[in-house]
Each structure stands twice: as C-alpha cells, then as structure tokens.
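By convention in this document, chain letters (A, B, ...) are assigned in the order of the sequence lines, proteins followed by strands, and residues within each chain are numbered from 1.
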Protein chains: 2
Amino acid sequence: MVTISQVAEHAGVSPATVSRVLNGDERVGDEYKQRVHDAVAALGYRPNRLARSLRTQRRSAIGVVVSDIENPHFSEMVRAVEDLAYGAGHHLLVCNTDESAEKQRTYLEMLADEHVLGVILSPSHPAGEEIGLLIDRGIPVVAFDREVSDQRADVVIADNVKGARTATELLLRAGHTDVVYVGGRSDVETGAERLDGYALTMRRAGLVPRVAEADFRIEGARAAMTELLAAPQRPTALVVANNLMTVGVLAAMREHGLRAPDDLALVGIDDPFWAPYLDPPLTVVAQPVRKMAADAMELLHDRVSGRRTEPRRIVHPFELRRRVSCGTADPTTQ
Amino acid sequence: MVTISQVAEHAGVSPATVSRVLNGDERVGDEYKQRVHDAVAALGYRPNRLARSLRTQRRSAIGVVVSDIENPHFSEMVRAVEDLAYGAGHHLLVCNTDESAEKQRTYLEMLADEHVLGVILSPSHPAGEEIGLLIDRGIPVVAFDREVSDQRADVVIADNVKGARTATELLLRAGHTDVVYVGGRSDVETGAERLDGYALTMRRAGLVPRVAEADFRIEGARAAMTELLAAPQRPTALVVANNLMTVGVLAAMREHGLRAPDDLALVGIDDPFWAPYLDPPLTVVAQPVRKMAADAMELLHDRVSGRRTEPRRIVHPFELRRRVSCGTADPTTQ
DNA sequence: CTGAAAGCGCTTACAG
DNA sequence: CTGAAAGCGCTTACAG
C-alpha cells in the first residue's frame with residue numbers, strides 16, 4: 001500500500017504538496033507538480049478515498065433503498081440513478097428491504113453510519129424513525145414512489161390516483177361497464193391511491209367498483225384472477241395494479257382460454273421493458289421512471305450543494321402508452 | 001455529530017473503554033459497561049464506520065460489477081448476492097459497465113480506492129489490467145459468468161457449451177433437423193461458447209448449423225428473426241441465446257402469425273422470472289443463478305478470512321426447465 | 001481491568 | 001509557493 005508520505009518522500013516534497021497537486025491546487029510550482037506526478041506514476045500511487053472522506057467529511061456514495069431490485073420498476077429506477085451518479089463521480093449503495101420495516105431500519109442506520117452523501121428511499125415503512133436520524137445528521141433523503149412521514153424529506157412521486165383514473169377512463173370510454181380492478185396491497189400508499197383512482201372513476205360514471213384483491217405479486221394476481229373467473233359474472237375489462245400482477249393475470253387468462261382484448265380488455269399500471277412484447281402488447285399507464293430518477297438526483301444535489309433547504313415535492317403524471325391489450329372497439333355494440 | 005470522545009466524557013471513562021464496550025470486549029468491568037451504554041443511549045451515539053474502516057483497514061462493502069442491472073439475469077444475481085451480504089453485515093456497491101471497457105476500468109479503480117472487501121465482477125473486458133490492480137492490493141476478485149485473464153481471480157461460471165448442447169439436443173431428439181441458433185455476441189465468452197455448444201451438437205448429428213446473428217438484445221433478435229423468416233426455408237426449431245432475445249423472437253413470430261411450439265419450437269437460454277408466464281410458457285436451459293451467487297460469496301469469504309490463497313474455479317451445469325415452447329411431438333411424423 | 005498515546009491516510013488552516 | 005502540525009473518528013498495542 002503506497003501512501004501519500006511515500007510519494008512525498010520519493011518526490012522530495014511534503015505530503016501537503018502532494019495532496020495539493022493531486023487536488024488540482026494551482027498555487028503549486030510547476031517543477032514540484034512535475035516531480036509529484038512522476039513519483040505518483042513511479043510508485044503507482046492511488047489515494048485512499050476512505051481517508052479522504054474521513055478528513056473532508058464528504059462522502060461520494062449515495063444510498064438507494066428499494067423493496068426489491070428484481071422488480072423491473074426498481075431495476076429501471078436504479079439503472080437510471082446509476083447512470084446519473086456515474087456522471088457525477090458518485091457510486092451507489094443498493095439495499096433491498098423486502099417491504100420489511102426492520103431491514104429498512106437496519107439499512108438506513110448503516111447508511112447513516114457510513115455518512116453517505118444522500119439517500120433515495122422507496123419506503124417500505126414511511127414512518128420509520130431512522131429516516132429522521134438521517135436528516136438529523138445532515139444526510140438528505142428523497143422519498144421515491146411513496147411519501148414519508150418526516151416532512152423534511154424531499155419527495156418524488158407519481159400521481160397514482162390520476163394514473164389509475166386514466167387507465168379506468170380509457171376502458172369506460174371504450175364502452176366497458178364492468179371493469180374490475182386487480183388490486184395490489186392497499187395497505188401501502190401506492191396501492192391505496194391506485195385503488196382510489198379506480199374506484200372514484202367508476203363511481204363518477206355511476207358504476208359500482210369491483211376489486212379482485214391481491215398483493216402486487218405474480219402468483220397473488222393469478223390466484224385472484226382464478227377466483228374472479230370462477231364467479232358468475234365475468235367482467236369485460238381489467239385494470240391491473242402493477243407490472244408483476246399483469247404477468248399473473250395473463251397467465252390465468254390463458255389457463256381459462258381467454259384472450260385480451262377480445263375476451264377481456266386489459267390496462268396495466270407500470271411499463272416494464274417487456275410490456276410491448278407481450279401477447280398482446282400491453283396498454284399501460286406508466287410512471288416516467290427515468291424523469292423521476294433525474295429529479296431525485298437533482299433534489300439530492302441541490303441539498304448537498306446547499307442551494308436549497310426547504311423540502312420539495314415533485315409529482316409526475318402517469319403516461320398512457322396505448323398498445324393492443326385495451327382493445328379499441330365498443331364491446332356493447334359488438 | 002456525537003463522537004466517541006464525547007461519549008467517553010459523558011460516561012467518565014476513556015475513549016478506549018467506550019470502544020472496547022462497543023466492540024464487545026469482555027474484559028471491561030460491568031459498571032463501566034453500564035455507564036458506557038447509558039452514555040451511548042443518552043447522546044444517541046453511533047460509531048462512524050468510515051473512521052473504523054480506516055483504522056482497522058477492514059471495509060464492509062462488496063463491489064458488484066455487471067454490464068446492466070436492468071437485465072433480469074443480473075437483477076437476479078444482484079438480488080441473490082444482496083440477500084447473502086445482508087446476512088453477513090456487508091453492503092453492496094453496484095456498478096453498471098454497459099459492456100464498456102472504460103466504465104469497467106473506472107469503476108474497478110474506484111472500488112480499489114474505496115478499499116472494498118471484495119469484488120464480484122461479470123467482466124465486460126476480461127483482460128482489463130485494473131483487475132490485477134485490485135488483486136495486487138489484496139482485494140479478492142470473483143469473475144462471474146465470464147472468466148478473466150488474470151489467473152489469480154476466482155471464477156464462477158456456467159457451462160455454456162453444455163447448456164447450449166442440452167437445448168439443441170432436446171430439439172433434435174424431438175425430431176427436428178432444421179434447428180437455427182439465434183445468436184448473441186460471439187465476441188464475448190458466453191456468446192461464443194453457446195454458439196459452439198449449438199454448432200458442435202448439430203455437426204455431431206450430421207446436420208449443418210445455421211445461425212441468425214444478433215446481439216443479446218430484444219430488437220436485435222427481432223430484426224434477425226424478421227430476416228430469418230423472410231428466407232426461403234423456414235426452420236422448425238430455434239435455440240435462443242439469452243432471455244432478452246427470446247422476447248424479441250416471440251414478438252417477431254407473432255408479427256408473422258407463427259406460434260410456438262407448433263409452427264416453430266423454441267428453447268431459450270436463461271430463465272427470467274416471467275419465462276413460465278409467457279405465451280407459451282418457455283422451455284429453457286437456465287444457469288442456477290442463486291447457487292452461483294452463493295458460491296461467489298463463499299469464495300470471497302474464504303479469501304477474506306485467509307482460509308484459501310489458491311484460485312478456485314467453479315463450473316455450474318445449466319438446468320433444463322421443460323415447459324411448453326419446445327413442443328413434444330416429433331414434427332417429421334405430424 | 002483501564003487509560004494515554006500512537007496511528008490509519010489523508011487535508012488544510014497557519015506560518016513563513 | 002511550501003512545509004510542519006493538527007486533526008477527521010476511530011482502534012489497539014503498550015504500560016500499569
């Protein structure tokens with residue numbers, strides 16, 4: 001392990017001068033600069049970032065906490081954040097919480113103890129006190145997808161109520177009246193809001209909401225669908241609460257010999273990369289994940305640079321991406 | 001920021017004693033222990049992990065370098081690694097290289113400078129000299145999926161040749177003679193080996209290999225398929241080089257009104273979580289990603305603990321997961 | 001069993 | 001422009 005002192009000795013200067021040269025301090029004389037650069041090259045010296053972070057009290061890591069990196073929604077988010085972080089010379093500590101309050105706490109405490117630059121958190125437990133711990137210690141937190149109780153955090157979310165409304169309205173305008181919502185966990189914010197958006201839209205149209213309850217997961221959706229399709233009255237259209245559930249819904253439909261959109265029209269929420277390639281290509285309302293990630297990073301940078309101290313809250317609209325699964329025809333006139 | 005000295009003062013002991021208590025040193029007297037614990041609680045003290053790492057020369061972060069976290073293969077790998085790391089109290093620095101030699105170099109150098117505990121690397125550039133830099137500095141490297149030039153690294157790979165052979169043989173045994181390989185990048189190890197496995201198997205059966213060249217990506221596979229299906233003789237079966245390409249292949253087939261397995265039998269390589277839910281459910285040969293991740297972590301821990309200094313190389317077999325897309329009938333007798 | 005002191009590898013006022 | 005010295009927040013031989 002070559003240290004800065006060894007470089008200094010080799011170059012015949014002080015460690016302070018080596019540090020200055022390496023950090024681009026212009027006041028150093030040209031000959032000294034050259035000698036330092038030569039010594040660095042000769043010894044293959046690389047500064048210890050740990051030591052630098054400790055001394056400068058400035059870290060280059062950003063914590064990203066999601067419930068499950070394997071969920072394409074979060075893979076996309078992490079990917080987008082990573083692209084931006086790389087450009088800024090930062091790197092990512094990625095943490096999965098599995099929707100466990102305890103894992104969230106453990107990870108956030110660890111990130112606090114690591115003195116990360118900031119945290120982008122898709123909360124499993126919005127009221128966790130460890131969120132305040134981070135902010136107390138001057139580590140900015142951006143809540144992603146879901147809000148957190150601590151009002152000092154920044155927030156980047158999508159308008160789930162409107163998103164579900166857009167999906168539902170699309171089907172209602174096509175003439176459907178029996179639109180069922182295949183729902184995710186209504187005990188979490190995103191689940192509750194999407195359900196609300198659907199139910200409100202149905203009621204406003206004078207229709208009765210009907211929900212097949214599931215859990216945001218493939219097999220849960222498949223089971224809920226199996227039950228739904230065994231019921232006396234089969235709906236003509238579905239709104240599905242997230243991308244994983246869509247996979248389960250399509251599987252259940254296939255088992256029952258049903259095709260979208262003819263037997264059952266379908267609008268999904270979320271747009272994983274394979275949605276356009278499903279059979280049929282899936283119509284979805286999608287969160288603009290990349291834009292949201294860019295906002296999250298910008299909010300973080302504003303905080304770190306001290307440009308802003310007041311919390312901000314950015315709400316993105318969902319985007320309708322119309323493909324095939326929603327159908328086009330008015331089913332009442334077929 | 002509460003420091004260990006403040007805790008010491010509050011408890012009326014030395015910083016050394018606080019450190020000992022917090023690190024579970026049993027030699028400390030019970031009364032002192034109690035006083036330290038009280039002071040820690042009163043002040044809300046949390047040790048600075050950066051300072052500890054610098055002092056002990058022991059880091060708790062593991063670097064994971066993949067080409068693209070959005071590829072389900074790597075999402076699954078990172079997820080599996082993360083599960084194991086969490087249990088061991090480690091956390092993950094996740095890096096995307098986009099198959100760029102430069103990004104790989106930048107990230108690996110950064111991981112070296114961060115003095116991470118170890119690196120799991122799915123190499124974009126197997127001969128990168130920065131791999132040696134890590135090992136020189138005592139940071140163990142486990143090559144994942146693909147080998148690296150530096151012989152000192154550990155290796156966890158799947159037997160791509162046999163995997164592709166298994167896929168091809170399954171189709172040959174079903175009676176197919178015109179099996180086309182929809183190929184990935186044959187300039188990378190995995191691509192080249194899978195191609196070899198396919199081609200060898202065809203030749204051994206007295207058949208002529210036929211390849212639709214693509215690039216491991218959805219659109220590349222779709223384009224290659226469109227070309228293939230425009231050719232005079234349509235094959236009766238396909239082996240597809242990775243999970244993303246399967247998505248493109250199915251899309252192209254749909255555009256041409258072809259269904260698997262009846263019009264075209266299909267075996268994929270890789271088993272993303274949605275493969276069983278595709279239409280038709282996909283028959284695949286799959287790398288045992290979770291087992292491979294577990295091995296990678298174990299190799300890392302062996303190195304870190306000094307239990308082993310000689311490099312190890314673990315080769316996993318692919319697993320055949322037979323579903324619907326490969327068909328069952330002998331097409332020559334239909 | 002406990003504390004004073006040194007040191008991990010840097011950076012940065014301070015003095016010259 | 002350059003260096004000696006202090007210090008970031010810990011841990012750990014060393015001495016008692």
pair [X]-[Y]: side-chain heavy atoms closer than 4.5 Å:
X: Ser75(B); Y: Glu70(A); value: yes
X: Met1(B); Y: Asn48(B); value: no
X: Asp295(A); Y: His316(A); value: yes
X: Leu111(A); Y: Val65(A); value: yes

Worksheet item: Can you list, by residue number, the residues of residues 20-43 of chain A that have a non-hydrogen atom closer than 4.0 angstrom to DNA chain D?
Response: Arg20(A), Arg27(A), Val28(A), Gly29(A), Tyr32(A)
Worksheet item: Of all of residues 1-10 of chain A, which get a heavy atom below 4.0 angstrom from DNA chain D, listed by number?
Response: none
Response to the item:
Sorted by chain and number, sequence neighbours left out, side chain to side chain donor-acceptor pair (under 3.5 Å) with Arg146(B) holds for Glu99(B)
Discussion item. Show every side-chain hydrogen bond (donor to acceptor under 3.5 Å, both in side chains) that has at least one partner inside residues 10-20 of chain A, sequence neighbours left out.
Written reply: Ser14(A)-Thr17(A), Ser19(A)-Asn23(A)
Item to complete: Scan residues 45-55 of chain B against DNA chain C and write down, sorted by residue number, each residue with any heavy atom closer than 4.0 Å; if none is found, say none.
Response: Leu54(B), Arg55(B)
Discussion item. Reading DNA chain D from 5' to 3', where do the contacts with chain B start and stop? Cut-off is 4.0 Å to heavy atoms.
Written reply: dG9(D) to dA13(D)
Discussion item. Heavy-atom nearest nucleotide on DNA chain C for Thr56(A) versus Thr56(B): which residue maps closer to 5'?
Written reply: Thr56(B)
For [X], give me all partners under side chain to side chain contact (heavy atoms under 4.5 Å, CB included), at least two apart in sequence or on another chain.
X: Arg55(B); result: none
X: Ser53(A); result: Arg59(A), Leu50(B)
X: Ile157(B); result: Glu147(B), Val155(B), Arg313(B), Val315(B)

Worksheet item: After noting the C-alpha distance and the side-chain angles of Asp38(A) and Gln34(A), does the key distance pass the side-chain hydrogen bond (donor to acceptor under 3.5 Å, both in side chains) rule?
Response: CA-CA 6 Å; Asp38(A) 290 349; Gln34(A) 193 54 53; 3.0 Å; yes
For residues 117-133 of chain B, run the donor-acceptor check on the side chains, cut-off 3.5 Å, and write out each pair with its distance to 0.1 Å, sequence neighbours left out.
{"residue": "Ser122(B)", "atom": "OG", "partner": "Phe144(B)", "partner atom": "O", "Å": "3.3"}
{"residue": "Ser124(B)", "atom": "OG", "partner": "Thr97(B)", "partner atom": "OG1", "Å": "2.6"}
{"residue": "Glu130(B)", "atom": "OE2", "partner": "Gln104(B)", "partner atom": "NE2", "Å": "3.1"}

Response to the item:
Here the helical stems involving DNA chain C, each at least 3 consecutive Watson-Crick or G-U pairs closer than 3.5 Å, sorted by first residue number, are C:1-3 with D:14-16, C:5-12 with D:5-12, C:14-16 with D:1-3
Worksheet item: Expressed in whole Å, how much space separates the C1' atoms belonging to dT12(D) and dG16(D)?
Response: 16 Å
Discussion item. Checking the side chain of Arg137(A) only, and the main-chain atoms of Ala112(A) only, is there a donor and an acceptor separated by less than 3.5 Å?
Written reply: yes
Worksheet item: Can you name the closest pair of heavy atoms from Leu300(A) and Pro140(A) and give their distance?
Response: CD1-O, 3.9 Å
Worksheet entry | Contact list for residues 51-98 of chain A, test ring-ring contact (aromatic ring centres under 6.0 Å, His included), sequence neighbours left out | Tyr86(A)-Tyr107(B), His90(A)-His301(A)
Discussion item. Taking CZ in Arg217(B) as the centre, count heavy atoms belonging to other residues, nucleotides or ligands within less than 6.0 Å. Is the count above 12?
Written reply: no
